[in-house]
Amino acid sequence: MSVAPDRNLALELVRVTEAAALAAARWIGRGEKESADQAAVDAMRLMLDTVDMAGVVVIGEGEKDEAPMLFNGERVGSGTGPPVDVAVDPLEGTRLTALGQPNAIAVIAVAERDTMFFPGAAVYMDKIACGEDAAEVIDITATPTENVQRVAEAKGVDVRQISVVVLERERHESLISELREAGAKVNLIRDGDVAPSIAAAQGGTGVDLLMGIGGTPEGVISAAAIKCLGGALQGRLWPRNEDERRQLIDAGHDLDRVLTTDDLVAGEDVFVAATGVTTGALLRGVRVTPAGAATDSIVMRSRSGTVRRIAAEHAFAKLSQLSAVEYG
């Protein structure tokens with residue numbers, strides 16, 4: 001007897017990320033990252049209520065006193081449908097958008113209730129992410145040299161063909177030097193490591209690895225996507241100072257523990273949608289058309305392993321009649 005398929009939430013969630021991307025795109029290159037972020041947050045929050053789910057924001061814009069909407073603990077969705085954890089980044093790459101630089105995206109991840117890692121005071125995490133062909137060989141406790149050599153061997157290529165994305169930060173100077181000395185290509189990015197993490201897990205993007213210290217919330221979102229794609233992400237919490245270290249230890253965190261993809265997102269039915277704001281390795285950015293704009297999105301589900309690319313044309317005149325979001 002055949003079993004009727006259940007709903008794929010990712011196909012509803014892409015409308016949410018499309019709305020956020022379109023709203024943020026109005027601010028590309030205008031030097032106003034706060035305005036771009038606010039536009040994306042407003043559009044995403046409005047669209048979330050149309051999704052049939054009983055969601056609770058686990059990874060959001062911060063605590064309630066810091067964020068008027070999409071704050072940690074906020075209930076989102078229509079209230080009907082499956083109870084889920086929700087991780088959002090309405091505009092990953094606010095500065096990238098303000099400066100008109102690559103890799104800004106709008107992204108959302110959803111998993112079964114109580115299956116997403118809540119970072120608490122852990123703002124940063126040391127990470128390494130890769131695709132399925134190297135998932136069994138990466139080890140965040142090994143040296144960068146060892147990791148690129150292992151990945152090169154797993155892929156059957158010379159180390160000089162391995163491309164590693166690293167955030168351009170002073171704290172990464174020794175990492176960058178070692179990677180280059182090992183023979184790898186280092187692609188420095190200004191902000192936003194979710195899109196490069198997903199790119200590292202998906203073939204044909206020109207990205208083999210993401211390495212270095214970035215946001216813990218972004219690590220959870222990246223883990224959700226990588227769980228759908230079949231790659232691997234490992235992380236270790238990275239306290240910025242002694243006070244934060246003490247907070248994390250008091251909260252019961254083992255700072256030496258290697259967090260895997262399953263530790264960060266334990267759910268078995270994970271949905272992720274992302275839409276490009278500015279063009280990068282993973283997605284094309286929003287493009288103006290005579291009637292409105294075109295978007296490029298990726299949607300994925302872990303249970304089926306299905307990954308879809310969605311190219312959409314948006315007519316601003318009609319969209320404006322349906323919502324209060326300013327698109328044009």
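The figures here come from the full heavy-atom set of this structure, side chains too, leaving out hydrogens, waters and symmetry mates.
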So V84 and F271, side-chain contact (heavy atoms from CB on, under 4.5 Å) or not? Walk me through it. CA-CA 10 Å; V84 294; F271 306 89; over 6 Å; no
In terms of side-chain geometry, is the basic nitrogen of R45 or E74 positioned less than 4.0 Å from the acidic oxygen of its partner? yes
Closest contact, heavy atoms only, A21 versus G276: CB-O, 3.8 Å
If I compare all heavy atoms of V159 with all of A182, which pair ends up nearest, and what's the gap? CG1-O, 3.2 Å
What are the two closest heavy atoms between A281 and N103, and how far apart are they? N-OD1, 3.2 Å
If you compare all heavy atoms of V277 against all heavy atoms of I28, which two are closest, and at what distance to 0.1 Å? O-CD1, 3.4 Å
Using 4.0 Å as the upper bound for N to carboxylate O, is an ion pair formed by R95 and D37? no
So do R301 and L11 actually touch side chain to side chain, heavy atoms under 4.5 Å? no
Is a side-chain N or O of K33 found less than 3.5 angstrom from the main chain of L99, in a donor-acceptor match? no
N8 side chain reached by V299 side chain, heavy atoms, under 4.5 Å: no
Could D250 and R246 be called an ion pair, given the rule that one side-chain N must be under 4.0 Å from one carboxylate O? yes
When you measure from the side chain of E61 to the backbone of M69, do you find a donor-acceptor pair of N or O atoms at a distance under 3.5 Å? no
